[in-house]
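Right, one structure below, let's go through it.
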Amino acid sequence: MERKALEYSRFYESAVQGLESARELLSAYTGRPLRLVAVRSDFVELSKVPLLSGSPEDVVLSSYVTFSGDVEGQLLILFRPESAEKLANLMAPHVFGPLADQRSPALIESLIGEIANIVGSAVLNKVADGFGIKIVPVPPVIIREMAGAVLSSAMAYAGLDGDSTYVAYMKATLDKEQASFEIVFLPRVAKLQGTSHKTE
Amino acid sequence: MRNPLVVGLAEVKWSVLPEDVLVAFSLGSCVGVALWDPVLRAGVLAHVMLPSSSRRAVNGNGKGSGQAPPVEKPGKYADTAVEYAVRCLTAIGAEPSRVTVWMAGGAHVIPGFKLRGGDIGSLNIQAVKDALERHGLPRPREDTGGDYGRTMKLYVGEGRVTVYSVSRGEKEI
């Protein structure tokens, strides 16, 4: 059990290092400093996971990535709609006009997908490098839905393994906290043990 | 004065208090199942996460063998949740044949996300319906499937159920 906890804490450290890389890149893209404001890593009771992002009924734009390889799991990046719009504007002010009808949901989702790609790739690459393992992500999908519905649906795999799951949760804010996003990293508990021989 | 009681993931809650509203927030692939007895004016709501307790991992790591331990959270699986919900109501004198049944949820919120055997929402819906039939319960009124999340509320004093979704607002089923 101690060994497993140690491996999880190393996962978390690697994920945070990955987020640090993404932070630098996104700060350069947007011209604004990005800050990590909340990071935690723990085993969480399944019933608590839909509440990770606050009210489960709050609508979020979620980038959802599954990954396989030496470790299976999921990575979700959650954006409140108003934050998504601000971030999209900062990412591409030349295509993101000042008028409401120039802010199409499709354009916002496309730009959010780019941010999610940067963050997701950085986190997963750092974890893979840190452990010397192979992680194969599938291209992300963007979902606009209640946060609790997305998180509880993602929990189904974890539910097969037990009544709690490991969660690494991180939050990043940009531009004096006017825009933020959350990262929920869910490596699958039952599939993590296979990595131990590669972490010696 | 309403008194909301949140029924979290894998939980089952029941009430006989007319002011209570049993609420399952943000059902995605999960299914909410509500039973209500019109004579006792008692209701129960389960927040089902997975279709069958027989598919769960033994010893928590998926590699165990032998007899599975008792299910600690009966609300987690469709088969055990419906059984537990029926037990809750019959324990206080409800008659299964006269209860009203509702179900909501079972959506395919995350494109491409599946368990072996299909998408989890559809598997959950079918598993709940099978369990209801096994227990001789009436056919449910339902708002299930699709690709969107729902919040389900059972108003215990009135015996009515509403379903809310972001794209469709709130409606009674």
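Order of the sequence lines sets the chain letters (A, B, ...), proteins ahead of strands, with each chain counted from 1. Keep in mind that the numbers below use all heavy atoms, side chains included, and drop hydrogens, waters and symmetry copies.
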What about [X] and [Y], same hydrophobic cluster or not, with Ile/Leu/Val/Met/Phe/Trp/Tyr joined at side-chain heavy-atom distances under 4.5 Å?
X	Y	value
A/Tyr166	A/Phe67	yes
A/Val16	A/Val127	yes
A/Ile142	A/Ile118	yes
B/Leu45	B/Val16	no
B/Val161	B/Val12	no

Hey, could you give me the CG/CE distance between B/Leu9 and A/Met155, rounded to the nearest 0.5 Å?
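CE of A/Met155 is found 8.5 Å from CG of B/Leu9.
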
Distance, nearest 0.5 Å, that separates OG of A/Ser152 from NE2 of B/His47
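Interatomic distance, A/Ser152 OG to B/His47 NE2, rounded to 0.5 Å: 5.5 Å.
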
Quick one: what part of [X] sits under 4.5 Å from any heavy atom of chain B, side chain, backbone, both or neither?
X	result
A/Glu145	side chain
A/Pro56	both
A/Ala147	neither
A/Val150	both

Using distance alone, with no hydrogens and no angle criterion, decide if A/Ser47 and B/Glu11 have a side-chain donor and acceptor under 3.5 Å apart.
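Looking only at side-chain atoms, B/Glu11 and A/Ser47 do not form any donor-acceptor pair under 3.5 Å.
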
Is there a side-chain contact (heavy atoms from CB on, under 4.5 Å) between B/Phe25 and A/Met146? Walk through the geometry before answering.
CA-CA 9 Å; B/Phe25 280 112; A/Met146 295 178 195; over 6 Å; no

Please indicate whether B/Glu133 has more than 12 foreign heavy atoms, meaning atoms of other residues, nucleotides or ligands, lying under 6.0 Å from its CD.
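No - once you tally the heavy atoms of other residues, nucleotides and ligands closer than 6.0 Å, there are 12 at most.
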
Not counting sequence neighbours, which residues clear side-chain contact (heavy atoms from CB on, under 4.5 Å) with A/Arg23? List them please.
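Result, side-chain contact (heavy atoms from CB on, under 4.5 Å) vs A/Arg23: A/Glu20, A/Ser27, A/Leu34.
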
Donor-acceptor contact present, side-chain B/Lys73 to main-chain A/Asp163, <3.5 Å
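Judged by distance alone, no pair lies under 3.5 Å.
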
Most contacts with chain A, counted as non-hydrogen pairs under 4.5 angstrom, among B/Val109, B/Asp147, B/Asn124
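Ranked by heavy-atom pairs under 4.5 Å with chain A, first place is B/Val109.
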
When you look at A/Ile143 and B/Ile110, which way does the side-chain contact (heavy atoms from CB on, under 4.5 Å) test go after all the steps?
CA-CA 7 Å; A/Ile143 306 157; B/Ile110 302 175; 3.9 Å; yes

Least distance between heavy atoms, B/Leu50 atom then A/Ala156 atom:
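Here B/Leu50 and A/Ala156 meet closest at CD2-O, 3.8 Å.
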
Over all heavy atoms of both residues, which pair between A/Ala149 and B/Gly149 is shortest? Give the atoms and the distance, please.
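The answer is CB-CA, 3.8 Å.
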
